[in-house]
Amino acid sequence: MRKILLLFLMASLGCVCKAVVVPVGYSNGEVAITASGYVLSSKGHVSAAVYVAPDLLATYAGNQLVGVRAGVYTNKYCDSLRVWVRKSLDGENLATGVIRRSGNGVKPVTGWNEIVFDTPYDFNDGEGFYIGYTYSQKYGDKPISIVGEPRANTSFVQLGAGKEWQDVSADGVLSIECLIDGTNMPPYDLKVISSEGMLEGPGIFSVSTRIANFGSAAATEYDLTFTAEGYNHVATCKTPIVVGKEENVMVVLENVPDGVGIDKPLTVTVTRIAGGEDVNPLNNSVQVAAKVARNVVVEEFTGTRCGWCPRGLAGMKKMRDIYGSRFVGIGLHQYNEDDPMFISDYEALPFQGAPQCMIDREVLTDPYYGSDEIDICHNIDKEIAKGAFISVFVDGEYNEAKTAVDATVKVQAYANHSGLRLALVLIADSLQGTANSWRQQNYYSQYTPSQAGADEIIAQFCKDGELGQSSFFWPFDDVALSSYKENGKYSVELGSFSNGDSKELSYTVNMPTKQALLNVIDYNKVAVIAIVLDNTGKVLNGNKYYLETTETGVRDINTDTEMNVHEVLRYTIDGRMIRTAQPGVNIIRMSDGSTKKVLIK
C-alpha cells in the first residue's frame with residue numbers, strides 16, 4: 001500500500017521543494033509500537049531498505065525523489081540517521097541526506113524522520129530502486145520499525161557494516177517511504193484502502209471506508225457508489241480528505257435488501273470527485289468486509305456480603321447506561337449463600353474473587369476499572385468494534401402460571417461455523433427487599449474518596465457519600481434468576497452453520513422458586529437472554545428480550561416479532577456516527593425506524 005502525508009519540511013532540513021512533499025511507500029504511514037527484534041547488540045551501524053517497484057511511482061513519473069521518510073521505533077542511542085537511494089542493496093549512494101544528534105537542532109526522533117537529499121534524484125518511468133537508511137549507535141537498541149502485512153521482496157535489514165542483508169518481508173514492511181516533489185503531481189488521486197460494514201439492524205448497514213488522498217489537491221466532495229446483486233446506491237460525501245491524509249468516511253445505508261453485504265458481496269467505489277478526474281481509478285474500489293453488530297455479554301461475580309462489590313454494581317450500571325441494548329449484563333450472586341439472589345445452578349466460570357466479571361467469556365477483569373485499571377468501557381468498546389459473524393434474536397412469553405418462560409431463539413450465520421452452542425438465562429431488574437439480607441455491604445464507607453482513590457461515581461459509597469454507610473439498600477439490576485439446563489449441561493448444541501444459514505428453536509426456561517425472590521420480582525422487568533458460544537466456549541454474540549404482562553397476567557402482543565425495539569445507531573447533533581453516549585445532544589435511531597433526541601450531561 002501507499003501512503004501520502006502532507007509535509008512542511010523546514011528550511012533547516014535543506015528542503016528543495018516549494019511547499020508540499022508527497023510520501024509514497026508500502027507502510028501506509030505507520031510506525032511500529034512494538035520492537036521488531038532486529039537489533040545489533042553492540043556499537044556499530046545498522047541499515048534498512050525497501051525496494052521501490054516501478055508501479056509504486058507510476059503516477060509520479062516526471063517528478064523528483066527529494067528525500068526519504070524513515071520511521072523508527074525508538075531513537076534511543078541512535079546518534080545519526082543517513083538516508084539514501086541505490087540501484088542495489090550494496091550499490092553506491094545515488095543521493096543522500098543525513099541528520100545527527102549533534103546537528104543544528106535536528107536529530108533523529110522516535111517516529112517519522114523526514115530527511116531531504118543534498119541533491120534530488122531524478123527517477124524514470126518504469127525504474128525500480130532501493131531507498132533506505134543507515135544509523136549508528138553506541139549501544140544495542142531496536143530502532144527498526146516493521147508494520148502491516150507481509151509483502152514479498154520489499155524489506156531488507158543489514159545488522160552491521162559489511163554483513164549480509166536479511167530479507168524480513170515475511171514480517172511485514174519497513175517504515176520507509178519516498179518523498180516526491182515536482183511540477184507534474186497528479187491533482188486528484190484517491191485510493192480506497194479498506195471498507196468495513198456493520199449490519200446494525202434490519203435493513204440498516206453502516207459502512208466505514210478508509211480513503212487516502214495521493215493527489216496534490218484536497219478532495220472536499222466526492223461520490224461513493226455501493227453496489228451488490230440487485231442493489232445500487234450513490235452517496236455524496238463531504239468529509240474532507242486533505243493532501244497526504246487518510247480519513248474514515250462513514251455512510252449509513254438504509255432499506256438495504258436482505259443478504260446484501262453478507263451472502264451478496266457489497267462493493268464501494270469512488271465514482272466522482274468534484275473538481276476533476278481521478279488519475280488512477282484502478283485503486284478506487286474494494287469489497288466491504290461485512291459484520292453484524294455485536295452485543296457484549298458481561299457476567300459479574302458479586303454478592304450482598306462482598307464489601308467491595310458496590311464498585312461492581314456501579315460498573316454494571318455504567319455499562320447499562322452507556323451501551324443500552326448492546327450491553328447484555330448478568331449479575332451472578334454467588335459470593336454468599338445467604339444472599340436472597342444467590343444462584344447455584346449456573347455454568348461454572350473461573351472467577352477468582354469479587355467483584356469480577358467475564359466479558360464474552362474471554363476476558364476476566366474488574367467490572368468497574370477494566371483491564372487497563374482505568375475504565376471498563378475501554379474493554380466494551382473493543383468488543384463492540386469486533387462486530388460479529390453471527391446474530392441471535394430471542395423472544396419469549398410466560399406460561400399461564402408465570403412459573404416458566406417459553407423462549408424462541410433465531411440464530412443467523414454470516415460465516416461458516418461449527419460446534420456452536422446456545423445458553424439461555426433469565427434475569428430481573430430492580431430487585432429490592434426490606435430484610436437485612438438485602439442490604440449490600442460496603443467497605444468503601446471506611447475511607448474518604450481521596451483515601452480510596454475514588455472518582456465521583458465511587459465517591460458516593462465513601463465516607464460522607466450519599467451511600468457512605470457500612471451497608472445500604474440498592475435496586476439490583478441484571479440479576480441472574482435461572483438458566484436453561486439440559487442433560488446436565490447449561491448449553492445446548494446448535495451444530496454447524498454455513499454462511500447464510502439460520503435456525504429457529506424453542507426452549508422452556510423455568511422461573512426461580514425461591515419465595516424471597518418471587519416476592520420482589522416485577523414480571524415486566526424480567527428478560528430472557530440468549531447467548532451463542534463457539535466450540536471453545538467464547539461468546540460470539542448475545543441478545544435479550546424483556547417479557548411483558550398485563551395486569552391480568554396475559555402477555556401483550558408484540559408487533560416486533562424478532563426482537564424488542566432497541567437502539568441501533570447513535571449520532572451527534574452534527575451528524576457524526578458514534579458508538580457510545582457522548583456529552584451533548586445524541587440522536588438515536590431505534591430498530592423500528594423511529595428516532596429520538598437525548599441530552600447527555
Just one of Leu224, Val286, Ile193 clears the side chain to side chain contact (heavy atoms under 4.5 Å, CB included) bar with Ile211, so which one? Leu224

Among Val98, Thr96, Leu81, Leu179, find the residue that satisfies the side chain to side chain contact (heavy atoms under 4.5 Å, CB included) test when tested with Ile115.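 Testing Ile115 for a side chain to side chain contact (heavy atoms under 4.5 Å, CB included) against Val98, Thr96, Leu81, Leu179 leaves exactly one candidate, Leu81.
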
Rounded to the nearest 0.5 Å, what separates atom [atom1] in [X] from atom [atom2] in [Y]?
X	Y	atom1	atom2	value
Cys237	Ile273	SG	CD1	12.0 Å
Ser206	Leu253	OG	CG	8.5 Å
Glu383	Arg326	CD	CZ	13.5 Å
Tyr133	Arg69	OH	CZ	13.0 Å
Tyr368	Ile376	OH	CD1	11.0 Å
Asp189	Tyr60	CG	OH	5.5 Å

Has Arg86 got its NZ or CZ under 6.0 Å from the middle of the six-membered ring of Trp84, at an angle within 45 degrees of the ring axis?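 Judged by the rule (NZ or CZ under 6.0 Å from the ring centre, within 45° of its axis), Arg86 counts as positioned above Trp84.
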
Pairwise side-chain contact, [X] with [Y], heavy-atom cut-off 4.5 Å (strictly under):
X	Y	answer
Arg361	Val297	no
Val234	Arg272	no
Lys291	Phe389	yes
Asn280	Phe214	no
Tyr135	Pro143	yes

Which atom pair, heavy atoms only, marks the closest approach of [X] to [Y]?
X	Y	value
Tyr73	Lys142	CD2-O, 3.2 Å
Phe205	Gly197	CE2-CA, 3.5 Å
Val50	Ser155	CG1-OG, 4.1 Å
Ala218	Asn213	CA-ND2, 3.7 Å

What class does the angle between the rings of Tyr130 and Tyr51 fall in, given that below 30° is parallel, 30 to 60° is tilted and above 60° is perpendicular?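 Correct class here is tilted.
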
Tell me, yes or no, whether the heavy-atom count around [X] atom [atom1], taken from other residues, nucleotides or ligands under 6.0 Å, exceeds 12.
X	atom1	result
Glu229	CD	no
Lys76	NZ	no
Lys317	NZ	no
Glu221	CD	yes

For [X], side chain to side chain contact (heavy atoms under 4.5 Å, CB included) partners two or more places apart:
X	result
Tyr369	Arg311, Asp366, Ile458
Ser450	Thr448
Leu65	Val85, Phe117, Tyr121, Phe123, Phe129, Ile131, Cys178, Ile180
Thr154	Tyr26, Arg151, Ser169, Val173

Under the side-chain hydrogen bond (donor to acceptor under 3.5 Å, both in side chains) definition, can you give me all pairs with a residue in residues 231-240, not counting sequence neighbours? Asp223-Thr236

Does this structure show an ion pair linking Asp360 with Arg294, if we count only N-O contacts that are shorter than 4.0 Å? yes

Looking at Arg210 and Glu196, is there a salt bridge between them, counting it only when a charged N and a carboxylate O are closer than 4.0 Å?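 So Glu196 does not pair with Arg210 through a salt bridge.
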
Passes side-chain contact (heavy atoms from CB on, under 4.5 Å), Ile384 versus Tyr323? Steps please. CA-CA 10 Å; Ile384 289 176; Tyr323 297 101; 3.6 Å; yes

Will you find, in the side chains of Asn284 and Tyr222, an N or O donor that is under 3.5 Å from an N or O acceptor? no

Is it the case that Ser136 and Ser80 place a side-chain donor and acceptor less than 3.5 Å from each other? yes

Polar side-chain atom of Asn75 near backbone of Pro108 as donor-acceptor pair, under 3.5 Å: yes

Between the side chain of Asn379 and the main-chain N/O of Ser371, is any donor-acceptor distance below 3.5 Å? yes

Does anything in residues 154-172 form a salt bridge (Lys or Arg N to Asp or Glu O under 4.0 Å)? List the pairs, not counting sequence neighbours.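 Sorted pair list comes back empty.
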
So Ser175 and Trp112, side-chain contact (heavy atoms from CB on, under 4.5 Å) or not? Walk me through it. CA-CA 8 Å; Ser175 299; Trp112 284 112; 3.8 Å; yes

